[in-house]
Amino acid sequence: QVQLVESGGGLVQAGGSLRLSCAASGSIFSTNVMGWYRQLPGKQRDLVATITSGGSTNYADSVKGRFTVSRDNVKNTVYLQMNSLKPEDTAVYYCRLSIPSRFRTYWGQGTQVTVSS
């Protein structure tokens, strides 16, 4: 009964910034990984960034130095700060919660990010 609710998507010009938020609720195991994936038009869903409950992060090469993933363990919320946005970043962004010890994953509904040139 885990639910993930995303917010913060929108339309920005190239070079601009957006901050995505994803709030998790329900039966959330304390040891977990939260992160962001994106699906570009006509492409499969790919990893953007993840962060463990201990704070370890992982980024796709295409966003390193531009995006920052963080989390608030009290609020069970993960964030994605996106700077220096490029048109190539245009995609539907999905929040994911993974509980490795239970081999469980949960997905948010997705939020559209559009970067104009």
Side-chain angles (χ1 to χ4, degrees):
Q1 201 171 349
V2 171
Q3 292 187 346
L4 304 174
V5 180
E6 299 178 348
S7 62
L11 173 64
V12 297
Q13 295 186 37
S17 299
L18 282 175
R19 192 187 196 198
L20 306 183
S21 299
C22 174
S25 62
S27 301
I28 304 169
F29 202 73
S30 59
T31 301
N32 61 68
V33 182
M34 298 188 73
W36 297 91
Y37 290 68
R38 68 186 181 186
Q39 189 162 12
L40 279 66
K43 300 293 186 67
Q44 68 178 37
R45 192 176 299 181
D46 293 323
L47 177 143
V48 177
T50 62
I51 182 167
T52 69
S53 47
S56 297
T57 58
N58 184 45
Y59 295 92
D61 288 340
S62 60
V63 306
K64 286 181 179 177
R66 299 189 298 122
F67 292 9
T68 302
V69 64
S70 61
R71 64 187 290 163
D72 185 331
N73 289 335
V74 175
K75 296 181 178 180
N76 289 318
T77 300
V78 63
Y79 306 93
L80 185 67
Q81 179 67 45
M82 304 184 293
N83 298 325
S84 302
L85 282 162
K86 305 174 181 179
E88 306 93 271
D89 296 317
T90 295
V92 178
Y93 284 70
Y94 296 89
C95 178
R96 191 181 82 159
L97 169 67
S98 177
I99 306 174
S101 65
R102 297 182 181 272
F103 303 98
R104 293 284 198 88
T105 60
Y106 304 90
W107 292 93
Q109 80 285 355
T111 184
Q112 177 70 45
V113 171
T114 302
V115 184
S116 65
S117 59

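Quantities reported herein were computed from a predicted structural model and do not represent experimental measurements. Sequence positions, counted from 1, serve as the residue numbers for this chain.
Between the side chains of Arg38 and Tyr93, at least one donor N or O sits under 3.5 Å from an acceptor N or O. A donor-acceptor pair shorter than 3.5 Å cannot be found between the side chains of Glu88 and Thr90. Donor-acceptor pairing under 3.5 Å is recorded for the side chains of Arg71 and Asn32. Counting only N and O atoms by type, the side chains of Asn83 and Ser17 include a donor and acceptor under 3.5 Å apart.
Interatomic distance, Ser56 OG to Ile51 CD1, rounded to the nearest 0.5 Å: 8.0 Å. Separation of atoms OG1 (Thr68) and CE (Met82) is listed at 11.0 Å; rounding is to 0.5 Å. Note that CG of Leu47 is 10.0 Å distant from CG of Asp61, once rounded to the nearest 0.5 Å. Rounding to the nearest 0.5 Å gives a distance of 14.0 Å between NZ of Lys75 and SG of Cys22. The line from CG of Asn76 to CD1 of Ile28 is 4.0 Å long, rounded to the nearest 0.5 Å. Separating the CH2 atom in Trp107 from the OH atom in Tyr94 is a distance of 9.0 Å, to the nearest 0.5 Å.
Annotation: Trp36 is not in aromatic contact with Phe67 [ring centroid separation under 6.0 Å not met].
Under a 3.5 Å cut-off, the side chain of Arg66 and the backbone N or O of Ser62 do form a donor-acceptor pair. When atom types are taken as modelled, the side chain of Glu6 and the backbone of Gly110 share a donor-acceptor pair closer than 3.5 angstrom.
Val113 and Tyr37 are not part of a single hydrophobic cluster, where members link through side-chain heavy atoms under 4.5 Å apart. In the hydrophobic clustering of this structure, Leu85 does not group with Tyr79; members are Ile, Leu, Val, Met, Phe, Trp, Tyr whose side-chain heavy atoms approach within less than 4.5 Å, directly or through other members. Hydrophobic clustering (side-chain heavy atoms under 4.5 Å, transitive across Ile, Leu, Val, Met, Phe, Trp, Tyr) groups Val78 together with Tyr106.
The side-chain heavy atoms of Met34 and Arg96, taken from C-beta on, include no pair separated by under 4.5 Å. Looking only at side-chain heavy atoms (C-beta outward), Thr111 and Val92 stay at 4.5 Å or farther from each other.
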Step-by-step side-chain contact (heavy atoms from CB on, under 4.5 Å) determination, Asn58 to Val33: CA-CA 10 Å; Asn58 184 45; Val33 182; over 6 Å; no
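Sparse packing is recorded around CD of Gln3, with 12 or fewer heavy atoms of other residues, nucleotides or ligands lying under 6.0 Å away.
Ion pairing between a basic and an acidic side chain is recognised when a charged N comes within 4.0 Å of a carboxylate O; Lys86 and Asp89 show no such pairing.
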